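Remarks on the structure that follows.
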Amino acid sequence: MRIYNTLTQQKEEFKPIEPGKVRMYVCGMTVYDYCHLGHGRVLVAFDVISRYLRHRGYDVHYVRNITDIDDKILARADENGEIYSDLTGRMIKAMHEDEARLGVLSPSEEPRATAFIDEIIAMIHKLIGSGHAYAADNGDVYFSVDSFSDYGKLSKKKLEDLVAGARVGVQEAKRSPADFALWKAAKPGEVSWDSPWGEGRPGWHIECSAMSTKCLGDTFDIHGGGPDLLFPHHENEIAQSECATGHKFVHTWMHAGAIRVNKEKMSKSLGNFFTIREILEKYPAEVVRYFLVSSHYRSQVDYSEDSLAEAGRTLTKLYHALRGITPAKDSDVPEGDHDRRFAEVMDDDFNTAGAIAVLHAVANDINHYRREGNEDQAKRSAAVLVRLGGVLGLLQQDPEAFFQADTGGELSAADIEAMIQARAEARKAKNFAEGDRIRDELLEQGIVLDDSREGTTWRRG
RNA sequence: GGCGCGGUGGCAGAGUGGUUAUGCAGCGGACUGCAACUCCGUGUACGCCGGUUCGAUUCCGACCCGCGCCUCCA
């Protein structure tokens, strides 16, 4: 299996540190607002990655943290006039709802920064002791980037450039403009924790170093996150962790691609972001997931109404293949060519676009077999489709549930069934005009009818 | 300015030194009372210029264009 490593800028043969086991850490959310589609992309990308690693037989220990203390959280809580922990509690709950709807499985562990203050302080203490960090006069503690000769190895940045490019008005207390805070002194009235350097709270970067080291050890296999975390966050994590432990921090660095909206990066600073829950009001969750999975995790994707609509049509087609048949028992269907092809493309840096092409090939088989009246083979292929779809977190619903999911239309399922019944009677009496009228009426409500030998089924289009 | 990524058919999106991506949309046909679904068939492609090669969309170099990071951001 080959994985693209941001650190070496190439695909590398993946060799876990401990055979059969994968230790993976992904930077999660800072919980001061609802998750947006960019978060969704990271969530889904690493969900697929962990699912596939498990499918490949690895014992995956997947840690994804929650940053539940930071400047933005305090600012927002202040704005809302609430205690910061009430805000983070609400947002964590919302995040878990969004994840569940997108079919993202829970990570093995979900550490929160505020529960790791002791470990954070211990790590900072160690860094000061070894001369990699210093307590400044203002109560902050900074990491000294000059003390780490490898600084910049992930982002390929040169320290001189960073220092030269630093904004004017940098913190006076810093020895070098590129130094970053490990511990921030508390401002009056702010929530804080006691430390050897006075009351304060951890900086953002040190949290991840402390949590990942505590949960996964000094060195682990995969560290992932969003594209904009590469610098400075991940660069800083490397500096902190490698200086604190004396060991290599991470073998493989993985970064997801950015989501764009109208040719612009979707970001909080641009204010052009869509929250996951906003999008889920308009599209079924699995369609959103299909959209995200249908392009490679490292590529940039454009969010648009059209692309979601297309994803919906395509997923509908796949579910049509599964409609009305009971898949064979998974264990009765040994791995075949499609399984092998699927593994081949996924082994190549998780090529989900290629994997979806395999799904379509399997769906094609099912439709062929059904046309030939070969129910048995159709059921076996259906088992393969559900099996492979499951690795991508797709096609796990009952097809009727997918087709008939209530999207807030005016008609209930019972109303629709009644109209279909009326139409069937009209058609039986050769009153096609009336039958078509009913069909058109349903179509106006977004209900599409599919006739087959066995009768008429419907879906919300 | 520094560092990095990318330019594939109407659109989305994989991949490859010589041979089918796949999907959506379109077109023709089969099925259907008519449709939908499904099936069969079908067209349009690799930014530009050089180089390497028997042969390059695929490798190398220049160029043009787009994008990301360099500042809180997934």
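Just so it is clear: chains get the letters A, B, ... in the order the sequence lines come, proteins before strands, and each one is counted from 1. Since we're looking at a predicted model, the values are computed, not measured.
Within residues 380-388 of chain A, no residue places a heavy atom under 4.0 Å from RNA chain B.
Remark: A/Lys156 is not in phosphate contact with B/C69, judged by side-chain N or O atoms under 4.0 Å from OP1 or OP2. Note on A/Arg313: every side-chain N or O is 4.0 Å or more away from OP1 and OP2 of B/G23.
With sequence neighbours left out, A/Trp253 forms a side chain to side chain donor-acceptor pair (under 3.5 Å) with no residue at all. Listed by chain and number, the residues in a side chain to side chain donor-acceptor pair (under 3.5 Å) with A/Lys158 amount to none (sequence neighbours excluded). Among residues two or more places apart in sequence or in another chain, the side chain to side chain donor-acceptor pair (under 3.5 Å) test is passed with A/Arg64 by A/Glu99, A/Glu110. Partners of A/Ser155 by side chain to side chain donor-acceptor pair (under 3.5 Å), not counting sequence neighbours, listed by chain and number: A/Glu235. Here A/Tyr369 pairs with nothing under the ring pair (Phe, Tyr, Trp, His ring centres under 6.0 Å) rule; sequence neighbours left out.
To the nearest whole angstrom, the two P atoms, one in B/C49 and one in B/U58, are 12 Å apart. Nucleotides B/U57 and B/A21, compared at atom P, are 15 Å apart to the nearest Å. Rounded to whole Å, the C1' atom of B/C70 lies 38 Å from the corresponding atom of B/G10. Taking the C1' atoms as reference points, B/G7 lies 23 Å from B/A25, given to the whole Å. Taking the C1' atoms as reference points, B/A62 lies 24 Å from B/A45, given to the whole Å. Rounded to the nearest Å, the gap between the C1' atom of B/C69 and that of B/C37 is 47 Å. Rounded to a whole angstrom, the distance from the C1' atom of B/C60 to that of B/U52 is 7 Å. The separation of B/U20 from B/G61, taken at their C1' atoms, amounts to 32 Å, rounded to a whole angstrom.
Among B/A21, B/G33, B/G2, the nucleotide with an atom closest to any side-chain atom of A/Phe432 is B/G33. For A/Lys72, the listed nucleotide lying nearest its side chain is B/C73; candidates were B/C69, B/C73, B/G23.
Atom pair A/Phe231:CZ and B/A74:P shows a separation of 17 Å (rounding to whole Å applied). One interatomic measurement links the two molecules: CG of A/Asp71 to P of B/U71, which rounds to 16 Å at whole-angstrom precision. Between A/Lys157 atom NZ and B/G1 atom C1' the separation is 12 Å, expressed in whole Å. At whole-Å resolution of the value, OH in A/Tyr4 and P in B/G4 are 10 Å apart. For A/Lys265 and B/U71, the NZ to C1' distance is 11 Å, given to the nearest whole Å. Atoms CH2 (A/Trp204) and P (B/U71) sit 13 Å apart, rounded to a whole Å. Taking atom CG of A/Leu392 as the reference point, atom P of B/U22 lies 18 Å away to the nearest angstrom. Rounded to whole Å, the distance from CG on A/Leu154 to P on B/C69 is 15 Å.
Sorted by first and then second residue, the pairs that involve residues 284-314 of chain A and meet ring pair (Phe, Tyr, Trp, His ring centres under 6.0 Å), not counting sequence neighbours, are A/Phe274-A/Tyr303. Annotation: salt bridge (Lys or Arg N to Asp or Glu O under 4.0 Å) contacts involving residues 362-381 of chain A, sequence neighbours excluded, are absent.
Note: A/His234 and A/His255 have tilted aromatic rings, judged against thresholds of 30 and 60 degrees for the angle between ring planes.
Residue contacts shown for A/Ala258 include a base, since a base heavy atom lies under 4.0 Å away. Contact annotation for A/Leu37: no contact, since no heavy-atom pair falls under 4.0 Å across all strands. Nucleic acid contact for A/Leu230: none, since no nucleic acid atom lies under 4.0 Å from a heavy atom of the residue.
Note: A/Tyr25 and A/Tyr62 fail the aromatic proximity criterion, with ring centroids not under 6.0 Å apart. A distance of 6.0 Å or more separates the ring centres of A/Tyr34 and A/His39.
Residues A/Val42 and A/Ala357 both approach RNA chain B. Their nearest nucleotides, taken by heavy-atom distance, put A/Ala357 toward the 5′ side. Both A/Gly435 and A/Arg298 lie near RNA chain B, and the one whose nearest nucleotide falls closer to the 5' end is A/Arg298.
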Identify all side-chain donor-acceptor contacts of residues 443-455 of chain A below 3.5 Å with residues at least two apart in sequence or on another chain.
from: A/Asp450; atom 1: OD1; to: A/Arg459; atom 2: NH2; distance (Å): 3.3
from: A/Asp450; atom 1: OD2; to: A/Arg323; atom 2: NH1; distance (Å): 3.0
from: A/Asp450; atom 1: OD2; to: A/Arg459; atom 2: NE; distance (Å): 2.9
from: A/Asp451; atom 1: OD1; to: A/Arg423; atom 2: NH1; distance (Å): 3.2
from: A/Asp451; atom 1: OD1; to: A/Thr456; atom 2: OG1; distance (Å): 2.6
from: A/Asp451; atom 1: OD2; to: A/Arg423; atom 2: NH2; distance (Å): 2.9
from: A/Ser452; atom 1: OG; to: A/Glu454; atom 2: N; distance (Å): 3.3
from: A/Ser452; atom 1: OG; to: A/Glu454; atom 2: OE1; distance (Å): 3.2
from: A/Ser452; atom 1: OG; to: A/Gly455; atom 2: O; distance (Å): 3.2

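Counting only distance, with no hydrogens or angles, the side chain of A/Asp150 and the backbone of A/Lys153 share no donor-acceptor pair below 3.5 Å. At distances below 3.5 Å, not a single donor-acceptor pair connects side-chain atoms of A/Arg112 with backbone N or O atoms of A/Asp68.
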Once base and sugar-phosphate atoms are separated, protein heavy atoms under 4.0 Å mark nucleotides 34-42 of chain B, 5' to 3', with B, S and - as BBBSBSS--
Given protein heavy atoms under 4.0 Å, the one-letter contact record of nucleotides 10-17 of chain B, with B base, S sugar-phosphate only and - none, is simply ---SSS--
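Between A/Asp71 and the options A/Arg201, A/Arg76, A/Lys187, a salt bridge (Lys or Arg N to Asp or Glu O under 4.0 Å) holds for only A/Arg201.
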Could you provide the dot-bracket string of RNA chain B, using ( ) for intrastrand pairs, [ ] for crossing pairs and | for bases paired to another strand, with Watson-Crick or G-U pairs below 3.5 Å? (((((((..(((.....[...))).(((((.......)))))....(.(((..]....))).))))))))....
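A salt bridge links A/Glu441 to A/Arg437: one of the charged nitrogens lies within less than 4.0 Å of a carboxylate oxygen.
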Checking A/Leu318 against A/Leu322 for the side-chain contact (heavy atoms from CB on, under 4.5 Å) test, could you report, in this order, the C-alpha distance in whole Å, the side-chain angles of both residues, the deciding distance, and whether it holds? CA-CA 7 Å; A/Leu318 289 174; A/Leu322 291 173; over 6 Å; no
